[in-house]
Amino acid sequence: MKLPDCEEPVAYGSFTKEQFGSEIEKGMEDIKNGRVYSADEVEAEMKREFGI
């Protein structure tokens, strides 16, 4: 799943039902096409991007 380009992390609670559904569908397509990342890769990216 990809978040919109932004300076700060996005709260999914601010999405409409349609927006949320669209993001889930994009994520499922990424999985089907092998565009996945390990938890370690995600953690490293979060640290690099947001310092968390």
Side-chain angles (χ1 to χ4, degrees):
M1 182 177 299
K2 296 178 183 174
L3 294 174
D5 289 332
C6 62
E7 295 296 317
E8 298 290 324
V10 174
Y12 274 105
S14 67
F15 282 13
T16 66
K17 184 177 179 179
E18 291 77 18
Q19 288 171 317
F20 185 78
S22 175
E23 292 303 313
I24 293 295
E25 287 298 319
K26 289 179 198 175
M28 295 302 293
E29 284 299 313
D30 283 344
I31 291 168
K32 288 179 190 174
N33 291 305
R35 293 185 299 265
V36 296
Y37 301 93
S38 71
D40 289 338
E41 290 172 307
V42 172
E43 182 179 359
E45 183 67 13
M46 293 294 285
K47 285 181 181 177
R48 186 181 71 75
E49 285 282 328
F50 303 109
I52 55 174

Item to check | Nearest-0.5 Å distance, CD of residue E43 to CD1 of residue I52 | outcome: 10.0 Å
Next on the checklist: Taking V42's backbone N and O only, do any of them form a donor-acceptor pair with E45's side chain (distance below 3.5 Å, no angle check)?
Outcome noted: no
Checklist entry - Looking only at heavy atoms, what is the nearest atom pair of V36 and I31, with distance? => result CG1-CA, 4.0 Å
Checklist entry - Under a 4.0 Å N-O cut-off, is there an ion pair linking K32 with E29? => result yes
Checklist entry - Can you check whether T16's main-chain N or O pairs, donor with acceptor, with Q19's side chain at less than 3.5 Å? => result yes
